[in-house]
Each structure stands twice: as C-alpha cells, then as structure tokens.
There are 2 protein chains.
Amino acid sequence: MSSIQLVLLSLLAREPLSGYDMKQQMKGRINFFYKINNNQLYPALSKLETEGLVQLQSYERESYRPAKKIYKITDMGIERLKEWVIKPSEPGNWDEFLLMQYNSWLVAPEVLIRIMEDRKREHEQRIKEYRVKVAALREQNERLTSENPLFSSVALIEMGILFESSCREWCDKMIDCLKKNEM
Amino acid sequence: MSSIQLVLLSLLAREPLSGYDMKQQMKGRINFFYKINNNQLYPALSKLETEGLVQLQSYERESYRPAKKIYKITDMGIERLKEWVIKPSEPGNWDEFLLMQYNSWLVAPEVLIRIMEDRKREHEQRIKEYRVKVAALREQNERLTSENPLFSSVALIEMGILFESSCREWCDKMIDCLKKNEM
DNA sequence: TTACTCATGTAAAAGGTTACATGATTAC
DNA sequence: GTAATCATGTAACCTTTTACATGAGTAA
C-alpha cells in the first residue's frame, strides 16, 4: 500500500472526512506531519474505494457549492491499518514512524510497549555509533576551526546525537504513559 | 538546481570523488544523511559537467575493473554552492537544512551566526505553538487513555516539542562554537 | 555454483508537484 | 474587477525508485 493511501486511511480511521477536509488537515504541520501532496489525493481515494477499504458515506451539499463527498473507513480498512501499524518498520524512515505513532491508539498497549522498547534500543545504539564517529573525527584534528569541513561534519553528528537523545527520551515517556494507561 | 545536484556538489566541495564513491558515502547514514537515491546519480553528474560546475579530473584504472572517473568541483561550482548555502531556506525542510549545515564551513562565521539565531527563534516559536496545541487537546478530555485517538495526537506533538527543543539546543551550541571559532 | 563487490550506465515504472478547469460566492 | 474560498477533479511534467546490463574477480 502506498504512503498516501496509508495517510488517508489514518485520517479516516478517526472520523469520516471528504477529500478536501483531508487536504486541509494535512496543511497544518501541527495537526498532521506528512509531507503533503496535493492532488493525487483524489485518485488515491478512488483506489481505496474500489479496494473496499473506504466507502462513500454521504453527500454534503451546501447550496451553490459542489457536493462534498464524505468518506468513511470500512472494517476491512481498519484491519489493514492495524496490520500495517504493528508491522516492524525499517529504521530511518521518520515519516513512516510518525504515521505509525499517529495510529498507535488502534493497538493494544502491551504491543506498543514492546515496539517502543525495541525502538529505544535502536536510538541508544545510534547514539553510541555517533559518539564513536565524533571521537574519531576529533582525534584526527586537534583544533577544528569553522573553515574546516570537519567542523561541519562534527556539527551535524552532534545534531544527530541530540536528535536521537530526544527520541530516546520520548520512548521512555511513552512507555511510562502506556504503563499507567494515561497520557 | 535539483537537490541531487546540490548533494553531489556538496560532496565534491570537500574532495574529488567518483560517482561510485559518492554513492558509497551516501549509503552510511552517519557520514551523510540525505535520502539516498540510487542511479539518477550519473545523469546528474553529466548535467553538472555540461553546466561547468564539475569537471573530470582523472581516470583511475585498476587492472581489470572499469575505469573510475574522478570528478572535481570547479570554481563556478563552489560559487554556486556558496550562494545556495546563504540563501534563506523555507522552514520545515529538514534535509535541506542538514545539507546547508554540511556546507557551513564554506561560509563566514558571522553570517552563520545570524542564520543560526534566526533558526533558533523559529524553533522557539514552534515549541510555543505545540504547547498551546497540547494544552487545547488536554482540556477537551480530562483523561486520555491509550485507546483514545487524542492519546496518539498528544504523543506526537510531545515528540515535536522534544524534537524542536533539541534543535534549539543545537543552535545554541553552534552559536557558541562559532563565536569562539572552535568545535 | 552461487552470490557478492567494483564501476559504469540505461530503461521502465512509480510517485509527487504544479498548473489548470469548473462555478458560485464573498471580501477588498 | 480582482482575488480568494470552497470542492471536485484532470493533464503535464518532473523526480525517485527499482530493475536490469556489462564483465572481471573473489569468497562461500
């Protein structure tokens, strides 16, 4: 299943929406996050419909305007989403991970806790690797001034370490919230 | 200029390389970061060559193997890269920001400091927005259990806050390093 | 024998972006 | 009168991914 289709299903799993509504929701980076694509949305919706993962619920006609086609997810659609969410994702695909998290409410807490614990170990592993890398670069040159390409390299890896640390921290927090079953 | 071309220029600004070498460097996520594309690399290289931003430096022939074509960046290529680096990038494009940082050694520290200070303000702004958003969601429901879609929504925004915080922290660090001109 | 590495490259397919078309309405 | 909003959708283009092709060598 393509990522757009998964995004559409993820939105419809929460509430029935029209294509236009979904586009609007995806515009705000806060409400949603995925790199937003404009208008292969409608073909994707039709495809979901022919596959039976989504169905037309109603038309909302407001006087002069074109009719709004409200879609809802089917049981089959929900099932497909659930399967995708617990499927282990390859590391490094950030958007996919966020999308999976967005659907985490569909999954039993115990399962999620296990996923988060694995995830946490991955982040810790990467932090270690980055530290080794930085140490290696630092050893080569004792003074890294800002005209040195390695200045930029080290800076980037330091960013990586901060990023991975925040991921680890978040995993901890999530595990905590899941255990007491409250956010 | 396309992003692949910028990535290739960024690598060549540091040292002459063959297409294959660049591909290898991009494989490891630590050394480089960009979502790595396979093989429109060669067309992109040729295009850079015809535009005069890159030139063939030498052939490295090792016995039986196909000759390695080593490219180096031209003065014009360096100029183009420098122009691109200081050009203000629209917020939200993470990969582009990392690529810009990867080339930061080409830019005068004073200029970079200004860029980082702007950037820091952006992150702070976004943190504020996220906090408002979380508060709004929390008010709607007093208890957010894990089967509630809002549980996932809040979790995602919390991740956003942690992410933006690590960006802000990094900006601070960078400004500091740039001021004392040492990493 | 099979599979992988080195190194170049091409072709086809999938995915994504931009621009356009419709048509009534509201705001400047 | 111009532009924007609401809502659907299509067409053309550009980018990205996947797969293939070559061909010697090396490791299981």
Report summary line: The reported gap from CG in A:Leu8 to NZ in A:Lys47 (rounded to nearest 0.5 angstrom) is 12.0 Å

Report task. Could you tell me whether A:Arg80 atom CZ has more than 12 heavy atoms of other residues or ligands within 6.0 Å of it? Result -> no

Choose from [options] the nucleotide whose nearest atom is closest to any side-chain atom of [X].
X: B:Pro43; options: C:dG9, D:dT16, C:dT10; result: C:dT10
X: A:Lys68; options: D:dA7, D:dT17, C:dG16; result: D:dA7
X: B:Lys69; options: D:dC6, D:dA7, C:dG9; result: C:dG9
X: B:Ser3; options: D:dC6, D:dT16, C:dT8; result: D:dT16
X: A:Gln40; options: D:dT8, C:dC6, C:dG16; result: C:dG16

[atom1] of [X] versus [atom2] of [N]: gap in Å, rounded?
X: A:Tyr42; N: C:dG15; atom1: OH; atom2: P; value: 20 Å
X: A:Met26; N: C:dT17; atom1: CE; atom2: P; value: 11 Å
X: A:Tyr59; N: D:dT8; atom1: OH; atom2: P; value: 10 Å
X: B:Leu41; N: D:dA19; atom1: CG; atom2: P; value: 18 Å
X: B:Asp21; N: C:dT8; atom1: CG; atom2: C1'; value: 12 Å
X: A:Arg61; N: C:dT25; atom1: CZ; atom2: C1'; value: 16 Å
X: B:Lys47; N: C:dG9; atom1: NZ; atom2: P; value: 17 Å
X: A:Glu49; N: D:dG9; atom1: CD; atom2: C1'; value: 14 Å

Query raised in the report: When the C1' atoms of the five terminal pairs at each end define the local axes, what inter-axis angle does the helix from C:dT1-D:dA28 to C:dC28-D:dG1 show, to 10 degrees?
Result: 30°

Report task. Answer yes or no: is there an ion pair linking B:Asp176 with B:Lys179, defined by an N-O contact shorter than 4.0 Å? Result -> no

Query raised in the report: Salt bridge check: are B:Arg119 and B:Glu164 linked by an N-O gap of less than 4.0 Å?
Result: no

Requested in this report: Ignoring backbone atoms, test whether B:Tyr20 places a side-chain nitrogen or oxygen under 4.0 Å from the OP1 or OP2 oxygen of C:dT8.
Outcome: no

Query raised in the report: Would one find a side-chain N or O of A:Ser18 under 4.0 angstrom from OP1 or OP2 of D:dT8?
Result: yes

Query raised in the report: Counting distance only, does the side-chain N/O of B:Asn103 pair as donor-acceptor with the main-chain N or O of B:Lys82 below 3.5 Å?
Result: no

Query raised in the report: Can you name the closest pair of heavy atoms from A:Tyr71 and A:Val54 and give their distance?
Result: CD2-CG1, 3.5 Å

Requested in this report: Just say parallel, tilted or perpendicular for the rings of B:Phe163 and A:Trp94, cut-offs at 30° and 60°.
Outcome: tilted

